[in-house]
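Sequence lines set the chain letters: A, B, ... in the order given, protein chains first and strands last, and positions in each chain run from 1.
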2 protein chains.
Amino acid sequence: MASALYKHINKFINLNKDEQEVLAPFLQPLSVKKKGFLLEGGQTCRANYFVVKGCLRLYFIDIKGAEQTTQFAIENWWITDLTSFLFQEHSEFYIQAAEPTDVIAIGNNQYEEMFHQLPKLERYFRLILQKNHQASQRRIKFLYSQTAEERYRNFNRLFPEFVQRVPQYMLASYLGFTPEFLSKIRAKK
Amino acid sequence: MASALYKHINKFINLNKDEQEVLAPFLQPLSVKKKGFLLEGGQTCRANYFVVKGCLRLYFIDIKGAEQTTQFAIENWWITDLTSFLFQEHSEFYIQAAEPTDVIAIGNNQYEEMFHQLPKLERYFRLILQKNHQASQRRIKFLYSQTAEERYRNFNRLFPEFVQRVPQYMLASYLGFTPEFLSKIRAKK
DNA sequence: ATCATTTCTTAAACTACATTAAGTTTTTTC
DNA sequence: GAAAAAACTTAATGTAGTTTAAGAAATGAT
């Protein structure tokens, strides 16, 4: 299972067999069944998760009791509540499998030691975090410039296959509106 | 001027005098006067900017012609349109000084070479990007869970000194509503 | 296959915030 | 320090999206 991660890392840096072996003990493969949790509100986030296969979502429960999905992660994406993960503070987020999902986890207690033993990975994670930052800048721009309907139509056009993979209520909250409103949009045409 | 950056870097990693001298030629100090631009829509973003003193904002012009501020950077923050900077694509963003501002710029053409000569900086930038990612996760959560009024009151409570530094119309767009609505909120109490 | 649960839809009433437009105050410029 | 420009306020009207509630359809469990 770790080979998916090695493959991904090698898109960004060159990690040879020996180095892969150094990395191996830091990696913990896990499977989560659909609707299973890797993190639940109130707990501390114990790992950074790389999705090998499947789909995870990050959400929190708002003041009205509604689930707000703030992030999805499919194959080859990392996901965590970074503040909770880094500082071992308790989290208000849930990380839940939207499909049966295989992940590789890197635990908080081993995260810094991993960089110590494999300084090369600083670069890999810098590049990953840059991609994240690009995605955030794009997302904020979309949120600030488009109506709910435009956001849905755009997302649907850009990621039609993904829209099929998750229930509409998750998508609605990710796009920043209610499931009822999504139904309304869809009915329109 | 570069000493502010060295000082910041040394909060995260240990950069000795020799290494500072290696870094120096990559750094370009610049001053921008209030309302001056480091990037204008349509141009390509040529640098990543570290704010030594002052305040910059990143904004774009939406379809209705209104300025939407998506990010501020004050002392010790980095700011850029990352996609445009990394891939030298033309940007839809503006980077403008909200106050007379001193920055240190690292040009795109030297960015990778800098990491090549000083691999230590991979770690510094990874840590900076992690902080960015934490800030993004927090921001998305706020945007998804609070009303406009709550966002304003919260921001005002958390960063009262900053609220004084920028015009209200910039703040309003950063918080995701109109200047008129901000006036209304403020009048309420 | 059937029952229970989850997800999706529809529609009416409601509200948070936008828009428009005019007037006022503050800041900048020469 | 006067004139011009930029920033802020107020109020009336408009609307995109929410809320509530009930029913229909799809999915999952035994």
Side-chain angles (χ1 to χ4, degrees), chain A residues 32-37 54-55 57 59 61-69 72 94 96-101 142-156 162-189, chain B residues 32-37 54-55 57 59 61-69 72 94 96-101 142-156 162-189:
Chain A
V32 210
K33 55 186 168 185
K34 189 169 173 174
K35 299 195 181 174
F37 290 95
C55 178
R57 67 163 176 148
Y59 72 89
I61 311 264
D62 71 18
I63 206 170
K64 291 172 187 156
E67 295 175 3
Q68 297 289 349
T69 301
F72 287 110
Y94 297 72
Q96 187 191 37
E99 300 171 357
T101 301
F142 283 151
L143 280 175
Y144 279 56
S145 60
Q146 301 183 329
T147 63
E149 180 164 355
E150 286 167 345
R151 291 197 303 273
Y152 170 70
R153 299 213 185 279
N154 241 310
F155 192 86
N156 205 40
F162 181 76
V163 171
Q164 304 306 331
R165 279 174 76 168
V166 299
Q168 288 182 27
Y169 72 90
M170 287 186 195
L171 195 61
S173 73
Y174 178 73
L175 293 174
F177 46 79
T178 59
E180 290 84 355
F181 191 67
L182 179 49
S183 264
K184 206 164 165 179
I185 293 170
R186 285 167 49 94
K188 273 172 76 169
K189 200 177 135 251
Chain B
V32 210
K33 55 185 168 187
K34 189 168 173 174
K35 297 197 184 172
F37 289 95
C55 179
R57 67 163 176 148
Y59 72 89
I61 310 264
D62 71 18
I63 206 170
K64 290 172 188 157
E67 295 175 3
Q68 297 289 349
T69 301
F72 286 109
Y94 297 72
Q96 187 190 37
E99 301 172 357
T101 301
F142 282 152
L143 279 175
Y144 279 55
S145 61
Q146 301 183 330
T147 64
E149 180 163 355
E150 287 166 344
R151 291 197 302 274
Y152 170 71
R153 299 213 184 279
N154 241 310
F155 193 85
N156 204 38
F162 181 76
V163 171
Q164 305 305 330
R165 279 174 75 167
V166 300
Q168 289 182 28
Y169 73 91
M170 287 185 195
L171 194 62
S173 75
Y174 178 73
L175 293 174
F177 46 78
T178 59
E180 292 84 356
F181 192 67
L182 179 48
S183 263
K184 204 164 165 179
I185 293 170
R186 285 167 49 93
K188 274 172 75 170
K189 197 179 139 252

Q. Would A:Ile61 and A:Gln68 satisfy side-chain contact (heavy atoms from CB on, under 4.5 Å), going step by step from the backbone distance to the final call?
A. CA-CA 6 Å; A:Ile61 311 264; A:Gln68 297 289 349; over 6 Å; no
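- Taking the side chain as every heavy atom from C-beta outward, A:Ser173 and A:Tyr59 never approach each other to under 4.5 Å.
- Close to C:dA18, at under 4.0 Å from its OP1 or OP2, lies no side-chain N or O of B:Lys64.
- Atom P of nucleotide D:dA24 and atom CZ of A:Arg186 are separated by 19 Å, given to the nearest angstrom.
- As rounded to whole Å, 10 Å separates atom P of D:dT18 from atom CD of A:Gln68.
- Straight-line distance from the CG atom of A:Leu182 to the P atom of D:dA16: 17 Å, rounded to whole Å.
- Side-chain contact annotation: A:Gln96 with A:Arg57, donor-acceptor N/O pair under 3.5 Å present.
- Side-chain contact between B:Lys33 and B:Pro100 is absent, with no heavy-atom pair separated by less than 4.5 Å.
- For B:Lys34 and C:dT28, the shortest distance from a side-chain N or O to OP1 or OP2 is below 4.0 Å.
- Within 4.0 Å (heavy atoms only), B:Tyr169 reaches sugar-phosphate atoms of the nucleic acid but no base atom.
- Applying the 4.0 Å criterion to OP1 and OP2 of D:dA16, one finds that A:Lys188 has every side-chain N and O outside that range.
- Taking the side chain of A:Gln168 as heavy atoms from C-beta on, and the options C:dC17, D:dT18, C:dT9, the nearest nucleotide is C:dT9.
- Across C:dC8, C:dA18, C:dA21, the shortest atom-to-atom separation from the side chain of A:Pro167 is found for C:dC8.
- When the C1' atom of D:dA6 is taken as reference, atom CD of B:Gln96 falls 13 Å away, rounded to whole Å.
- The nearest whole Å value for the distance from the CD atom in B:Gln146 to the P atom in C:dC17 is 11 Å.
- Of the candidate nucleotides C:dA18, C:dT7, C:dT9, C:dT9 has the atom lying nearest to any side-chain atom of A:Ser183.
- Rounded to whole Å, atom P of C:dC17 lies 8 Å from atom CD of B:Glu150.
- One can place NZ of B:Lys35 at 12 Å from P of D:dA5, the figure rounded to the nearest angstrom.
- Between A:Thr178 and D:dT18, a side-chain N or O to OP1/OP2 separation shorter than 4.0 Å is present.
- Atom CD in B:Glu180 sits about 13 Å away from atom C1' in C:dG23, given to the nearest Å.
- At a threshold of 4.0 angstrom between heavy atoms, the contacts of A:Thr147 are confined to the sugar-phosphate backbone, with no base atom among them.
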Q | Test log, rule side-chain contact (heavy atoms from CB on, under 4.5 Å), inputs B:Phe162 and B:Phe72 | A | CA-CA 10 Å; B:Phe162 181 76; B:Phe72 286 109; 3.5 Å; yes
